[in-house]
There are 2 protein chains.
Amino acid sequence: METSHTGDELARILATLANPHRMRVIAALAHGRNYVSALARELGISRPLLQLHLAKLEAAGLVTAAFELSADGKAMKYYDTVPFAVTLTPQSIALAARTLTTEEGNN
Amino acid sequence: METSHTGDELARILATLANPHRMRVIAALAHGRNYVSALARELGISRPLLQLHLAKLEAAGLVTAAFELSADGKAMKYYDTVPFAVTLTPQSIALAARTLTTEEGNN
DNA sequence: TTCACCTGCAAGAAAAAACTAGCATGTGCC
DNA sequence: GGCACATGCTAGTTTTTTCTTGCAGGTGAA
């Protein structure tokens, strides 16, 4: 299920996952999709903060968002996890590092 | 080769790997061990900066350091990669998230 | 209309990470 | 001694990330 990532993509994925709040978001969504207000209550964090983290997770391609109308006509934004599988080894890091574009330093 | 990590350990590993310089350090060391001054020249970064990154890599358990005397009696600090293999999936993240200690928010 | 729920956004404060510059130590060699 | 190489550390700046606060919009139901 995993296309190999560029160095920049991998760096972004790792940076995104390396955050307690975002790990908990992934954990919560792994149990099933949810909309942001309910998720904020479940995790005990403010909604703007959760939206920030969800935006980063979505930017990294780790979750997806979908609008849906609830039974009573409210617009709900549902988030769900994207199935991903990334294996980290010194070799996989070395391979990804070849495609890093981050400024000057090529090795 | 991988003992399962706590949430905090995993977060630290990911945060450590999510940096272009440190990815390049891993890549360089994957080819073979090296000492810090030579490594700094190879990567084209300042030695203090490299030392900072090496310290973080070592703190995360991704590289090891060993002192050695060169032929002409100079003390050299050699670094090498530690073989690691971490697989990231929504499920593995969810599992690790259970052991996060980062303050208040338990889900 | 008012209340309770959903969404979005942005400005500013606070905290953490990255990076630079500089000085210290020691060695062997010319 | 002076030069070239190795190491270590720290103080201060810059940059990035995180988080709060507060406001905007919308819906349906009492």
Asks: Where is the tightest heavy-atom contact between Ala18(B) and Ala11(A), given as atom of each residue plus distance?
Replies: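 Closest pair (atom of Ala18(B), atom of Ala11(A), distance): CB-O, 3.7 Å.
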
Asks: Under a 4.5 Å cut-off applied to non-hydrogen side-chain atoms, are Leu29(B) and Leu39(B) in contact?
Replies: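 They are in side-chain contact.
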
Asks: Could you run down nucleotides 20-30 of chain D 5' to 3' and tag each one B, S or - for protein heavy-atom contact under 4.0 Å?
Replies: BBB---BBS--

Asks: Determine whether Thr16(B) and Arg22(B) make a side-chain contact, defined as any pair of heavy atoms from C-beta on separated by less than 4.5 Å.
Replies: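 In short, these two side chains touch, coming nearer than 4.5 Å.
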
Asks: Can a side chain N or O of Gln51(A) be found less than 4.0 Å away from OP1 or OP2 on dG8(C)?
Replies: yes

Asks: For DNA chain D, whose closest nucleotide is more 5', that of Ala15(A) or that of Val36(B)?
Replies: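 The residue mapped nearer the 5' terminus is Val36(B).
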
Asks: Looking at Asn19(A), I'd like to know whether one of its side-chain N or O atoms comes within less than 4.0 Å of OP1 or OP2 on dT18(D).
Replies: yes

Asks: What is the distance from CG of Leu69(B) to C1' of dA6(D), rounded to the nearest Å?
Replies: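 About 11 Å, once rounded to whole Å.
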
Asks: Apply side chain to side chain contact (heavy atoms under 4.5 Å, CB included) to the pair Tyr79(B) and Glu58(B), showing each step before the final yes or no.
Replies: CA-CA 9 Å; Tyr79(B) 278 91; Glu58(B) 189 176 15; 3.8 Å; yes

Asks: Just how far, in rounded Å, is P of dA18(C) from NE2 of His21(B)?
Replies: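 So the two atoms are 10 Å apart, to the nearest Å.
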
Asks: Where is the tightest heavy-atom contact between Val86(B) and His5(B), given as atom of each residue plus distance?
Replies: CG2-NE2, 4.2 Å

Asks: Leu17(A) versus Leu10(B): any side-chain heavy-atom pair under 4.5 Å?
Replies: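 No. Closest side-chain heavy atoms not under 4.5 Å.
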
Asks: Figure out the CE/P separation between Met76(B) and dA4(D), and round it to whole Å.
Replies: 17 Å

Asks: Evaluate side chain to side chain contact (heavy atoms under 4.5 Å, CB included) for His21(A) paired with Lys56(A), printing each intermediate quantity in order.
Replies: CA-CA 11 Å; His21(A) 284 323; Lys56(A) 296 203 172 194; over 6 Å; no

Asks: May I have the distance from Leu52(A) (atom CG) to dT7(C) (atom P), rounded to whole angstrom?
Replies: 16 Å

Asks: Using atom CD of Glu68(B) as one end and atom P of dT7(D) as the other, report the distance to the nearest whole Å.
Replies: 12 Å

Asks: dA17(C), OP1 or OP2 - any side-chain N/O from His53(B) closer than 4.0 Å?
Replies: no

Asks: Check this one for me: any side-chain N or O of Tyr35(B) less than 4.0 Å away from OP1 or OP2 of dA6(D)?
Replies: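 True: Tyr35(B) side-chain N/O within range (under 4.0 Å) of dA6(D) OP1/OP2.
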
Asks: Report yes if some heavy atom in the side chain of Ile26(A) is under 4.5 Å from a heavy atom in the side chain of Val63(A); otherwise report no.
Replies: yes

Asks: For DNA chain D, which residues of residues 54-66 of chain B approach it to below 4.0 angstrom with any heavy atom?
Replies: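 Here the set is empty: none.
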
Asks: Rounded to the nearest 0.5 Å, what separation is found between the CG atom of Asn34(B) and the CZ atom of Arg41(B)?
Replies: 8.5 Å

